[in-house]
Asks: 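This is the structure, below, for whatever I ask next.
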Amino acid sequence: MPSGVPRIPRPEEWILKKICTRCGEEKPWAKFSPGSYWDDGSVRRVQSYCQDCHAEINRNRPKKPIAPERLAYLVDYKRQQRAALRAERTSDGKRLPSAPIRELLNRAVKDTEDWVLLGEQCRMSERIFRRVMVQENVTLRLADAICTRLGVRVYDLYPELEEAA
Ligand SMILES: [Zn+2]
């Protein structure tokens, strides 16, 4: 079913029988997908293979392999995200208060309310945003990355950085 909503067979489809040309079993029309309909919406013809056979064929169909360069990109992307999350948890590098970044993120997500989309925009896992929302501090590295991706200067959010530099 292309719509994903299972069609409810009409009563007569349980009475009419047909032999599947693949498994050779006689089954009611209800166990076949319709091939065509009459104008009143009733089934005119069913497919020659039963639904079980179609399901089996689909199960055995080899999955389309992911292109190598796409796979390499995904592996690399996941590794980066794990490293970023780990750094947020453990890094004892320079840390900044989270509040300005939190505000920036809340502003950035306001239009869509879609954290996953924002994550894609920032090329980060949206899990890292969730961490920022609850964590008191962020690493300078993450703050800088988020600012860069959102087109904000990290110095604008943390003026004290500029003074120190
Ligand atoms: Zn069959």
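No experiment lies behind these values; they were computed from the predicted model shown. Every number for a ligand or one of its atoms is a count from 1 in the order of the listing.
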Asks: So does Ile8 have more than 12 non-hydrogen atoms from other groups sitting under 6.0 Å from CD1?
Replies: no
Asks: Is there a side-chain contact between Arg130 and Met133 in this structure, where contact means two heavy atoms from C-beta onward sitting under 4.5 Å apart?
Replies: no
Asks: Is there side-chain contact between Tyr155 and Cys147, with heavy atoms separated by less than 4.5 Å?
Replies: no
Asks: Are Lys31 and Glu25 side-chain neighbours, meaning at least one heavy-atom pair lies under 4.5 Å?
Replies: no
Asks: Checking one residue: Tyr49. Which other hydrophobic residues are in its cluster under the side-chain 4.5 Å linking rule?
Replies: Ile57
Asks: For the backbone of Arg10 and the side chain of Glu13, can you confirm whether one donor and one acceptor N or O come within less than 3.5 Å of each other?
Replies: yes
Asks: Would you mind counting protein N, O or S atoms that sit less than 2.8 Å from the Zn ion (ligand 1)?
Replies: 4
